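Note sheet for the following structure.
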Amino acid sequence: MKRSLVQSILLYGCALLLAAFTTGPLLWLAVMSISAPTDLTEVPLRWIPSELDFSRYTSLLSLEGGNGERFLSALRNSLLTAGGATVIALLLAIPAAYAFSRRQASMVLLFAFLATIMMPPITYVLPLYSTFSSFGMLNHTVTLIIVYTAMLLPFATWLMKANIDVLPVEVEQAAFMEGAGTAYTIRQVVLPLALPAIAATAMLSFLVAWDEFFYALIFTNDLSAKTLPVAIADFSAGRVTDYGVIASVGVLATLPPAILAIAFQKFIVSGLVAGSVKG
Amino acid sequence: MLGRRQKREKWILLAPALALLALVTLIPLANTLWLSFTDTRISALPEPVHFIGLENYVYALTDPDFQDALFRTLYFTIVSVGLEGILGVAVAVLLNQEFRGRTLLRALIILPWAVPTIVNAVAWRLIYHPDYGALNSLLFQLGLISDYRSWIGDPATAMNMVILADVWKNFPLVAYVALAALQTVPGDLNKAAAIEGAGPWKRFRSITLPWIAGPLMVVMVLRTIEAFRVFDIIYVMTGGGPADSTKTASFYVYQEYFNYLRSGSGASYAVLVAGISAVLIVFYYSATKRQTAGGAA
Amino acid sequence: MNAAMPQDPILQISRLQKRYGDVNVLKDIDISMAPGEFLVLVGPSGCGKSTLLSCISGLTDISSGTICIAGKDRTNDEPADRDIAMVFQSYALFPNMSVERNIGFGLEVRKVEEAEKKRKVAEVADLLKIEHLLHRRPAELSGGQRQRVAMGRALVREPKLFLFDEPLSNLDAKLRVTMRTEIKRIHQTTGASIVYVTHDQIEAMTLASRIVVMKDGVVQQIGTPQEIYNKPVNAFVADFMGAPSMNLMTGTATREGDHLRLQIPTPEGPPLELFDYGPGPETLSAGGTAELTIGLRPEAMTDLGLRSGGIDGRSLQSADCLLDVVEPAGADTYAVIQLGGTEAVARLSADAPVTAGQRVPIAFDLSKISYFDIASGNRL
Amino acid sequence: MNAAMPQDPILQISRLQKRYGDVNVLKDIDISMAPGEFLVLVGPSGCGKSTLLSCISGLTDISSGTICIAGKDRTNDEPADRDIAMVFQSYALFPNMSVERNIGFGLEVRKVEEAEKKRKVAEVADLLKIEHLLHRRPAELSGGQRQRVAMGRALVREPKLFLFDEPLSNLDAKLRVTMRTEIKRIHQTTGASIVYVTHDQIEAMTLASRIVVMKDGVVQQIGTPQEIYNKPVNAFVADFMGAPSMNLMTGTATREGDHLRLQIPTPEGPPLELFDYGPGPETLSAGGTAELTIGLRPEAMTDLGLRSGGIDGRSLQSADCLLDVVEPAGADTYAVIQLGGTEAVARLSADAPVTAGQRVPIAFDLSKISYFDIASGNRL
Amino acid sequence: DTTLNALFMSQAAYSEDDIKSMTAKFEEANPGVTVALEFVPYEALHDKIIAAAGAGDDGYDVVLFDVIWPAEFATRGFLQDVTDRIPADYTDKVFDGAWTTVEYDGKRYGMPWILDTKYLFYNADMLAEAGISAPPKTWAELAEQAKQIKDKGIVEFPLVWSWSQSEAMICDFTTLTAANDGAFFDEGQPAFTAGGAKDAVSFMKATLDEGLSNPSSREYFEEDVRRVFSNGEAAFALNWTYMNALANDPKESKVAGKVKVAPAPGAEGKSTASSVNGSMGLGIPANSPHADEAWAYISFLTQKDVQDNYAKLSLPIWKASYSEPKVIEGQEDLIAAAKESIAVMYPRPLVPSYTEVSDILQKNIHQVLLGQASVDEALEAAADRVKRIR
Ligand SMILES: Nc1ncnc2c1ncn2[C@@H]1O[C@H](COP(=O)(O)OP(=O)(O)OP(=O)(O)O)[C@@H](O)[C@H]1O
Ligand SMILES: Nc1ncnc2c1ncn2[C@@H]1O[C@H](COP(=O)(O)OP(=O)(O)OP(=O)(O)O)[C@@H](O)[C@H]1O
Ligand SMILES: [Mg+2]
Ligand SMILES: [Mg+2]
């Protein structure tokens, strides 16, 4: 069952097409970010920049001037919220997942868990808004962390459960037989075994939180709490005539998740497989 | 397999998660439900709240714009998830072949998925720009169009262009799941079919596709639920325009809340949208159930 | 069904029941085990062996009954408090810990002091000849070495009772034989009390001081390997133990003077007639006739007695049989004979000059005969 | 190493080679198989059995050589065109199709018309006694039933050649025996030509018309089961076939008149002496002495000859041996004896009154003896 | 120390740099008070003010709000009533049009800051090339001139507008409606289905049909208009004051020096010029804990001196400013146009549900522009929908 020449050509053709389709828009974004402003308003477009212009990156990465301050504080807020929510969500999800996986907590409850995040955010946003408002908690990173944690939790629990399910139960039983308690067993036996799953879950959670826009749009209003997606939306709608600036913000905002995704590509597969393939 | 102590433990382990979810989802959900039967408005002044029964619902259900928004949302959901499914499976099949550069390509296709939705929207808005967009320029230089076109300014194409951007970002997820499922197809099955005389297409249709149908179903339903609440990409790319042709249900509710300040009425829209989501979720539940019950088969 | 009750049993299980929902997985189990005994549980897959072990360990709650270990009622105790060690089929080593920490884990949990722990681990490692592996991870060990580490972890705490759940079934055939000998040696050295689950009959026969045969959650027989093999209490045990299994033929027995006349129908003509000079079933009175199941193992239906001239008309009798199928299998040749409604297998010598369709004389060793009730299957 | 070449072979493999990268997985395979033959491939795991089957089926491309099926060169044909059927170890049933569609899949692909297809499927289902299962899915079948469906799918097309890759290894022991008989019956009924891979020696011995023993991609021996068992061409085949395997002891042989004097060293003292009156190795001239490997199967070292008084000093000779370990295993008792640098196993009768550490007379059956070159392992 | 949170927009009028510089001066003059500035796009401004109203102490202390919102904000209590803080003598010194920006129901909810309307910008070179000597006085004339320019092939689409589905389009629509002497409401009932409003929409559609307006106008905001015009791709553009300076800035524009400004035209027999009230004011949200400091900041930003110093992108609210040399210098034609335009500024409806009315109009007018509905159909549909507003 060898491949014929025609088949090979077809195969490589499709592969190239796919590569172009997936990377094309990203490459273009990157090119825009380093093209001179005038290159970007030529008709028809110049695909290769006439000169390399890294000025947007310098200005975005320095605290001088409005753009840099806006971008950097949004970056800080995004890292804080996504990171904080990921950590807390995992801390809560691991015991919960253990309960679902090993203590026969009802699956119906797990699905109730899941159903909550599947509901559109507009279902929750107004009461949450009023509540946080009455506690004076709007426009705080903590508030977003709370909301994101809740948003990530079911998903993280589900992934962790699916992954704990496939761990050999005998190893835990062995620990119990040796006299260890549940907490000790989870810490010393389950967690080390589930480390790849935890990494996958953490990464997927982080990406989801990093991506969130709706709550951030409504719950934050200034530099102290605004996250990157909201900042980018502001950037792109405001008085920015240089598309290169928008493009460079986009590139910078994509870098962290893209690096994570590529670095943890194997984990995504295992995470997703355990999660969605196994159910 | 549970000891008495372990049964108690179950609740201790679950308690923190349950508490948080109750606070952040259950209580607000109930609250939204309550709001939807009132005439509450967003206001800085203390305003009287009246219970008005089903009035909001009557209004919502007779609101042709809302119906339009719902249908638009359905269109968006069905078309984008459908395309993601087809493209995802095709890509998975491609990536399951052996060829040089496969590992690299597998790594590359995860990239769009890592791009934040907002960046995705902004990037595509630039690409679709009527004057300086890459799409017009590319098609023009390739000789595929003779005049620059308005892609997201034209109601005939706007929604489809948003869908294209959404598909670009989300097909990798489907592709990854499909690929993972493909890798579990026992080699013997395809070999057996080959020996029985089945060609590649027949093998794909009769063996491969049924085998991956379960996981595929799960991820597609998951995507459906996600697509149904689409908001951010629309907010940034088109703001609902042109002529409302991309205004989706979530956007509609957002507007009712924060533009028109009618929280009671908005809540009733939200409940209706949530209701449809709930139907999808039940669908999802049965899909996963079938999936786990039937094993990979 | 009642085993002898040893004095001061190390393990005493009384009227144990285990239900999963509606399913009664273990039914009224009574087992008593003396210190130092090596008790092997066998039975078909799904009969409840692992569940029983799990109940003893405390990893599974029982539905009713009591479990006493070393004289103390442990029915409601946590696994950690029962002073039991368990060796799992999958070894269940902690993959993230070194061999040394694996073995010492139980001591670590009990906060045994460092020096003491090191000493004990070293002692056990010495016993098992795995001193040089102490710093490796389980992933860096071969199957047999893992098996040893798992045993080390069990041994180091010097618990009252050891549980083994099919510890050798993950090993290949040759290693299995080696490790079997190893376990036997350790049992002899330490005098430990062991409950051991296996589905390998050779393992059961060679290791056990007593075997417990289970079926569908019910104990069928408890006895020494010889008792189980030679005097199975019912047709199930007879059929289950031994490969190829015992031939269970339906025939009639008539008590005539000092012997029983056995008639076993054959499809081709007159029944096969044998005379059993042993005591026979008590229930059969003089002159009485009964239809019953006659059990004879393949090695009791052979051509060897013929060749050695051992036919004495009493314990060794000869009769002509029609060979239905002849399967030369190297060391032996198996011949299938239609007898008493079953395909009885006779074990002939490898070079027996027979072919299918022949009628040849077969020697029957009546000293090995068993009788079972047709309806209940119980030994008569 | 050369098999007899039948006239009009149904399968003729010549100088077949298969490389994966640098690794030569199959080396110069020559096999010729007559129509109606039942050829069994055996060999250790990884020796290339499945690869060879895969080459025959066309699922794997070969690196060099030719494969002719029914006289036509099929080396470069697609699997679908070779008119063969294959039964996989995993059964490879299509999980989403009913049993009926599974069996009829090959006909469906070939666009056989509906009525004809139904008829053929029904015929095969009848042969395999699975008519009542036709509407079930594979997931709803037991192991044995799946196995039957897999065979049905192979049978329905009436191909020239059947390939079976360890078809029974997923079944439990009892079912394996039943299905083995079933396959034998079907082979006899249909007269099909079958290439069959297994690692179960009993399966190989009882099913094969000829056995092909492979090692590391090289055919070691092709012959009838008796040839393979009794006259293994080398120490590998001798060791591989038979369980427990042949005892391969190192000793010296001296040709003295009409016999060979064999001396096999023992650890405890003087060597064991035996006299072989057979022809012995040709290479050994009168008066010559050679060190060689002496092969005797466990059943040729027994207590039975003693009991039957068959000791004649020629083909059956007796000698006292020290029993190292005695393992009663039900039907037999195995005794381990340190002989010629190996742990030789003797198969004693079940009730042999022996214990470990005893010195007892053992009967050696010298008609079953094999000699191998120490260095090459080849039969002398 | 007090930190004031202030919300501004990042479009049109004063630039971020201007505002930062004014703020720096304020901070210098008021030690102990610092101001944290927040810039969002106009499109997000309304929702931000609303959303931050719930943020208690963490909300804004000063917000920029559009002329169309006071009705809504006042009835919902989002803004503090500052009537008493405004010195009485201001009333006469500031244009009336500016005051409407902050007034509802006789009370003032802030101080006007940006006095803005849309002017007609034209590329004088292109007009000259087409042989046109003076800018159009009426919209019909404008169409005619545009046609001339198009026919001469000087530029493909002479007109460019901000006609995306947004408030920007409504501003153009309002300007045209004002020119045609139309009305939004008549005694509380929608009146835009006939008369001047209808004419306005018809005109908009006609310029597209005739190829005079850049078709991409339908997805443009003000900034796009400025960019297209500055690139020399249009002869006429309707835009806010801020474009005057930027389109004549060589760093920002390829047509610097060629750009002239005039009041938006009128309609024959109905008006001589037209203009929309696009002013904006500064107010104090109800939840601000620093109302006094906030008021100090507002007072500073809106005072005549400060406004006069930053009069390039946005014109002062003070009548007297328009004769100040430092205001006039370099933008004489703008000031001239402004005097005319300010006099005829036309307000958008001052109703609490304005946002929704505007949304309805946006959608339906956009449908007309996109050729999805006829003018009548669309305006009728809009009227029906407006009547349904609760
Ligand atoms: N958690 C459980 N819930 C319900 N039924 C169970 C559970 N665990 C075991 N069973 C059932 O109990 C019975 C006994 O299972 P057990 O594992 O003890 O069998 P076993 O004798 O060890 O079999 P094997 O030889 O295959 O290991 C089986 O029928 C099994 O299906
Ligand atoms: N696709 C492949 N690429 C490289 N090496 C392979 C491939 N397939 C098989 N091999 C190697 O070829 C050798 C023969 O494999 P094969 O599966 O034929 O063995 P086998 O005799 O069937 O073993 P088993 O009894 O375990 O099934 C093995 O060493 C295996 O590692
Ligand atoms: Mg078990
Ligand atoms: Mg194989």
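Because the structure is predicted, anything quoted here is derived from the model rather than measured. Below, read A as the first sequence line, B as the second, and so on, with proteins coming before strands; counting in each chain starts at 1.
Counting all heavy atoms, side chain and backbone alike, A:A174 lies closest to C:A92 at CB-O, 3.8 Å. Smallest separation of non-hydrogen atoms from A:G179 and C:A80: CA-CB, 3.2 Å.
A donor-acceptor distance shorter than 3.5 angstrom exists from the side chain of C:N96 to the backbone of A:Q188, with no hydrogens or angles considered.
For C:K27, the NZ atom is densely surrounded, since the number of other residues' heavy atoms within 6.0 Å is greater than 12. In the displayed structure, C:K120 atom NZ is contacted under 6.0 Å by more than 12 heavy atoms of other residues, nucleotides or ligands.
Here the options are C:R82, C:M86, C:R153, the test is side-chain contact (heavy atoms from CB on, under 4.5 Å), and the partner is A:M177; only C:M86 passes.
Interface remark: A:E172 contributes no atoms to any contact with chain C (heavy atom separation under 4.5 Å). Interface residue C:S90: only side-chain heavy atoms are found under 4.5 Å from chain A.
C:I84 contributes atom CD1, which lies 11.5 Å from atom CD of A:E178 (distance to the nearest 0.5 angstrom).
Contact residues of residues 101-117 of chain C toward chain A are C:R101, C:F105, C:G106, C:E108, C:V109, C:R110 (heavy-atom distance under 4.5 Å).
With sequence neighbours excluded, the residues that form a ring-ring contact (aromatic ring centres under 6.0 Å, His included) with C:H187 are C:F38. The salt bridge (Lys or Arg N to Asp or Glu O under 4.0 Å) search around A:E170 returns none, not counting sequence neighbours. C:Y91 pairs by the ring-ring contact (aromatic ring centres under 6.0 Å, His included) definition with nothing, not counting sequence neighbours.
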